[in-house]
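Lettering follows sequence order; numbering is per chain, from 1.
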Protein chains: 2
Amino acid sequence: MKLHEFLKVKTALNDDLLSDLVSKFKKKHLKTGRFLLRKGQIADSYWFLEDGFCRSYYVKNDVEHTVWIEAPGELVCEIKSLRLQIPTEYSIQAMEPITYYTIKSEVLEQLVSESAELQAFMVRLWETRFIIAMDGLRAFQTMGAKERYGYLLKNFPNMEKLTLYQLANILGITQSSLSRIRRLK
Amino acid sequence: MKLHEFLKVKTALNDDLLSDLVSKFKKKHLKTGRFLLRKGQIADSYWFLEDGFCRSYYVKNDVEHTVWIEAPGELVCEIKSLRLQIPTEYSIQAMEPITYYTIKSEVLEQLVSESAELQAFMVRLWETRFIIAMDGLRAFQTMGAKERYGYLLKNFPNMEKLTLYQLANILGITQSSLSRIRRLK
DNA sequence: AATGTTTTTTGCCAAATGTCAAATTCAGAA
DNA sequence: TTCTGAATTTGACATTTGGCAAAAAACATT
């Protein structure tokens, strides 16, 4: 079971606590195109993606902007909506049939508050996300589109899963620009 | 004492633990232009900025790129270098005479590991940073330079402290472009 | 006030990216 | 295979942004 492995590797929980934690998750499935979260909802869960990719997108002026891709083996959470209790600006959609485990945030956070190991895990989780986000920001601040494209592919090979249009969104450029960038390299 | 207030508000520590924690920080000062951290060093501390602003910048091809501004009342930490134990890519420089408190990461993290309240505080700290970073990423992905400029000023009025050149860096454009954007608005 | 330094603005032109639409390619369904 | 719809590429042209250097403005020092 991937969730079990994930938590075993990432936390220092003993087997009892680990099993207890895992048992609090519910296994679910989603067909291609269905949503883990839809714009306007208030997020109240964490999801562990076991299998299949999702993409997060943002809608502005009736246009979809894909902002990120969620890969199997990741603990996914729309923390802004969850923490501020505001409707989320994002939709998280299954790009293919997915298997995931879900846990309500109150349940997870109750467990977290009772376990130093789990708290440490959460700190690391958000630290790591923050580091990745800051590296991305710097890519926008200091690189042109071509260089950013190379950076993204090198560090996130998963991006190959996206359509040209979606990948261009993530790079902050148009699909025609990305197509031309590809041609020249 | 600003540090004391900061921790009192942000953590749910009782007065004893709070005072104990505060006592582990050392108060320091830095003159304008001096560094909290220099490129190539391995970060091993957290800093609480009590007074005065700093800027973080990144050097690429011998050119400085200001990437962010650190304001009084913030707990500052170069988490990538600290966590991965790699030389930092950033320099953090005092933009004016600053007063700050410093604590070694081992010391803080030891205390954190012993206190559920402090652990919760650290989780919130990095969650919040992550949210801000993701909003910034989305600004790059979905806005042009003009709109991004408006967004930045509205949400981070501190940016007024920066020179045109530094602000342009943060926006990912050149100073001449920013100057032109300003003229038109 | 005079001087020197830094910051900002501006002009000129080049390069990058955007917009829109049509052509082409690709992939799956029939 | 053939057909169909989606994805990608391409062309023509507009707009934005960059690079560079000089001019102008703002600031600080004497």
Under-4.0 Å side-chain N/O to phosphate OP1/OP2 contact, B:S177 with D:dT17:
no
Any idea how B:F156 and B:W68 line up, ring-wise: parallel (<30°), tilted (30 to 60°), or perpendicular (>60°)?
perpendicular
Between D:dT10 atom P and A:L164 atom CG, what is the distance in whole Å?
11 Å
To the nearest Å, give me how far apart CG (B:L167) and C1' (C:dT6) are.
17 Å
Of the options C:dG18, D:dC20, D:dT17, whose atoms approach the side-chain atoms of B:S176 most closely?
D:dC20
Quick one: A:Q175 CD to C:dC26 P, roughly how many Å, whole number?
16 Å
Nearest whole Å is fine: how far is C:dT25 P from A:R183 CZ?
14 Å
Send over the distance from B:L171 CG to D:dT17 P, rounded to a whole Å.
11 Å
What about A:R180, does its side chain sit under 3.5 Å from the base of C:dT19 through a donor-acceptor pair?
yes
Please pick, from D:dT17, C:dT8, C:dG18, the nucleotide with the shortest atom-to-atom distance to any side-chain atom of A:T174.
C:dG18
Plane angle bin for B:Y58 and B:Y90 - parallel if under 30°, tilted between 30 and 60°, otherwise perpendicular
tilted
Specify the separation, in whole Å, of atom OH of A:Y165 and atom C1' of C:dT19.
13 Å
In terms of ring plane angle, is the pair B:F48 and B:Y101 parallel, tilted or perpendicular, where the classes change at 30° and 60°?
tilted
In the structure I gave you, are the side-chain heavy atoms of B:E109 and B:E106 within less than 4.5 Å of one another anywhere?
no
